[in-house]
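Below is one structure; the comments refer to it alone.
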Amino acid sequence: MLIITRKLGERIMIGDDIVVTLLEIKGSQARIGIEAPRDISIHRQEIFDRIRQENLNASRIHDEDLTQAATLWHGKKPE
């Protein structure tokens with residue numbers, strides 16, 4: 001982990017096209033701005049974790065889903 005100190009308005013470059021700017025400091029919170037290409041997702045950690053969990057949940061295959069798929073595949077209506 002890189003640890004650096006920045007003053008208001010100072011920037012951090014990540015690669016050639018990501019810029020992080022320190023915008024404001026209020027008490028124990030810092031406000032930052034992030035400029036990045038549109039194809040790069042930027043999320044707070046808690047949002048990222050929730051998205052990842054939802055994706056995992058959506059990718060799980062349940063036995064009843066397989067049974068219904070097999071029934072549909074063979075042309076029978078599910079019960």
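For reference, positions follow the sequence shown, starting with 1.
- For the pair P37/I18, a side-chain contact is recorded, criterion being any heavy-atom separation below 4.5 Å from C-beta on.
- Side-chain contact check for I25 versus L8: some heavy-atom pair is nearer than 4.5 Å.
- Contact annotation: the side chain of L23 never approaches that of I32 to less than 4.5 Å [non-hydrogen atoms, C-beta and beyond].
- Taking 4.5 Å as the limit, every side-chain heavy atom of N57 sits out of range of all side-chain heavy atoms of N55.
- Side-chain atoms of R6 come within 3.5 Å of backbone atoms of R11 as a donor-acceptor pair (strictly under, hydrogens ignored).
- Atom CZ of R52 and atom CD1 of I47 lie 13.0 Å apart (nearest 0.5 Å).
- Looking at K26 and E24, a side-chain N of the basic residue comes within less than 4.0 Å of a carboxylate O on the acidic one, giving a salt bridge.
- Nearest heavy atom pair, residue E10 against residue T5, reads OE1-O, 4.5 Å.
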With side chain to side chain donor-acceptor pair (under 3.5 Å) as the test, would you mind laying out the steps for Q53 and D49 before giving the verdict?
CA-CA 6 Å; Q53 187 60 50; D49 291 342; over 6 Å; no

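- Atom CD1 of I34 is separated from atom OG1 of T21 by 9.5 Å, given to the nearest 0.5 angstrom.
- Taking the side chain as every heavy atom from C-beta outward, M13 and V19 approach each other to under 4.5 Å.
- Taking the side chain as every heavy atom from C-beta outward, I14 and V20 approach each other to under 4.5 Å.
- Contact check for M1 versus I3: side-chain heavy atoms found under the 4.5 Å cut-off.
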